[in-house]
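What follows is a single structure, written as C-alpha cells, with notes after it.
One-based numbering along the sequence shown. Atom set for the values below is all heavy atoms of this structure, side chains included, hydrogens, waters and symmetry mates excluded.
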Amino acid sequence: MKITSAEFVMSNSSVAKCPKEALPEYAFIGRSNVGKSSLINMLVNQKSLAKTSGRPGKTQLINHFKINKNWFLVDLPGYGYARVSKKDKKTFQKYITEYFQKRKQLVCAFVLVDIRHEPQPIDLEFMEWLGTNGVPFAIIFTKADKLKPGGTDRQVQNYIQVLLDTAWEESPTYFITSSTHRLGKEALLDYIEKINTQVNQNNSTLN
C-alpha cells in the first residue's frame, strides 16, 4: 500500500462522537513511551501527524486520522504510565474500554511493545482482555534498531513463547519495526491493505 494522503480528523473522549463514516479502523495502542507517535509518522510519511513528546503519556484522547480517504488510523492513549491524576487514568481506561467494546468500525488493534524489554504483565493482561472480548489484534514490536539482529530475533521468540505458555494456543500475528530505519513499514501497510480488501468484499456481499 502506498500512502497518498493522511489527515487529522478529530480528537475526543467519547465513542459516540467518533466519525460516523463506515470505514475500517485500525487502533494503535501500547504502554507510554513505546514509540507509537514515531511509528505512526513513519507509516504515513509525515514528521508530525502524530505528536511526539519527551513526556510519556502525552496522548490523552481518541485521535482519528483518515488515510488515503478510505480507512482510519486511530491513535489511542498509552497505558501504564502518564503524569496525570488517578481520576484521569480511570477516565482514560473507561473510554478506551468503551472504544474497543462498542466501535463497530474497528477491524484490528495493533498492540505496540518495546522489543528491548521482557514481557510485561500489563501488556500480557491487555492482550488477554482483547482476546476475551473478541477484538482482533496484532503485535508491533518497536525500536528494533536498538538491538543487534540476533538479539531482536531472540527477544521476539522469547516473547511469543511466553504468550504460548500462558493464554494463547497459537501466536498472534506480529511485526518487527524501527521508525528510525523504516523497518516493517511495507509489511504492516500490506497487512492493513489485505484486511481492507476483505472488508470491502464482505460489504459488497452484504449489499
Side-chain angles (χ1 to χ4, degrees), residues 1 3-32 34-46 48-53 56-80 82 84-85 87-112 122-123 126-127 129-140 172-173 188-189 191-204 206-207:
M1 177 194 299
I3 302 297
T4 57
S5 65
E7 56 182 319
F8 170 75
V9 176
M10 67 168 62
S11 293
N12 69 84
S13 59
S14 172
V15 177
K17 295 179 181 178
C18 287
K20 305 301 182 185
E21 296 173 83
L23 297 177
E25 292 187 359
Y26 298 83
F28 286 67
I29 189 170
R31 284 186 295 131
S32 299
V34 76
K36 177 161 55 69
S37 295
S38 296
L39 176 75
I40 290 173
N41 290 332
M42 182 266 284
L43 288 176
V44 302
N45 300 315
Q46 294 192 26
S48 58
L49 185 71
K51 304 300 182 184
T52 58
S53 172
K58 187 175 178 63
T59 303
Q60 298 177 5
L61 295 169
I62 302 171
N63 299 298
H64 274 78
F65 302 94
K66 186 182 287 187
I67 312 299
N68 288 354
K69 300 187 183 302
N70 63 7
W71 59 277
F72 281 109
L73 186 158
V74 185
D75 182 9
L76 294 174
Y79 53 80
V84 295
S85 67
K87 180 180 178 181
D88 285 339
K89 284 186 180 180
K90 288 182 178 179
T91 300
F92 296 166
Q93 185 62 47
K94 182 176 184 295
Y95 67 70
I96 291 172
T97 299
E98 288 183 346
Y99 173 82
F100 283 116
Q101 291 178 329
K102 297 181 179 180
R103 189 63 174 164
K104 295 180 179 180
Q105 289 90 331
L106 175 67
V107 294
C108 183
F110 290 110
V111 182
L112 277 64
I122 192 170
D123 292 322
F126 180 66
M127 291 181 212
W129 183 88
L130 290 175
T132 300
N133 284 271
V135 180
F137 76 92
I139 302 171
I140 297 179
T173 299
L188 188 51
L189 290 178
Y191 182 73
I192 292 174
E193 185 173 37
K194 179 180 178 181
I195 296 178
N196 281 344
T197 299
Q198 294 173 345
V199 170
N200 290 333
Q201 289 176 344
N202 291 338
N203 288 342
S204 296
L206 292 175
N207 293 332

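For the side chain to side chain contact (heavy atoms under 4.5 Å, CB included) test with V44, the passing option among N68, L189, I67 is I67; the others fail. Partner of H64 under the ring-ring contact (aromatic ring centres under 6.0 Å, His included) criterion, out of F72, Y26, F8: F72 alone.
For P19 against M10, the heavy-atom pair with the smallest separation is CD-SD, 3.7 Å. Here the closest heavy-atom approach between residue V15 and residue K102 is recorded as CG1-CB, 4.3 Å. When all heavy atoms of A138 and C108 are compared, the pair lying nearest together is N-SG, 4.2 Å.
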**Request:** Go through I140 and V111 one step at a time and tell me if the side-chain contact (heavy atoms from CB on, under 4.5 Å) criterion holds.
**Result:** CA-CA 6 Å; I140 297 179; V111 182; over 6 Å; no

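Distance OG1/T173 to CG/L188: 11.0 Å, rounded to 0.5 Å. Taking OG of S37 as the start and CG of L49 as the end, the distance is 9.5 Å to the nearest 0.5 Å. Separating the CD1 atom in I40 from the CG atom in L73 is a distance of 5.0 Å, to the nearest 0.5 Å. Between the CG atom of N133 and the CD atom of Q101 there is a distance of 5.0 Å, given to the nearest 0.5 Å. Note that CD1 of I29 is 9.5 Å distant from CG of L112, once rounded to the nearest 0.5 Å.
Between I3 and L43 there is no side-chain heavy-atom pair separated by less than 4.5 Å. Contact of the Y99 side chain with the V74 side chain is registered, since non-hydrogen atoms from C-beta on lie closer than 4.5 Å. Side-chain atoms of I192 and F110, non-hydrogen and from C-beta on, do get closer than 4.5 Å to each other. You'll find the side chain of P24 stays beyond 4.5 Å of the side chain of I195, heavy atoms only. For the pair V107 and Q198, the minimum side-chain heavy-atom distance is 4.5 Å or more. M1 is listed as a side-chain neighbour of W71, based on a closest heavy-atom distance under 4.5 Å.
Applying the salt bridge (charged side-chain N to carboxylate O under 4.0 Å, His left out) test to pairs two or more places apart or on separate chains, those with a residue in residues 12-25 are E21-K66, E25-R103.
Partners of E7 under the salt bridge (Lys or Arg N to Asp or Glu O under 4.0 Å) rule, at least two apart in sequence or in another chain, are K69.
Of the possible polar contacts, one joining the N63 side chain to the L61 backbone as a donor-acceptor pair under 3.5 Å is found.
Side-chain rings of F126 and F100 approach one another, their centers coming within less than 6.0 Å.
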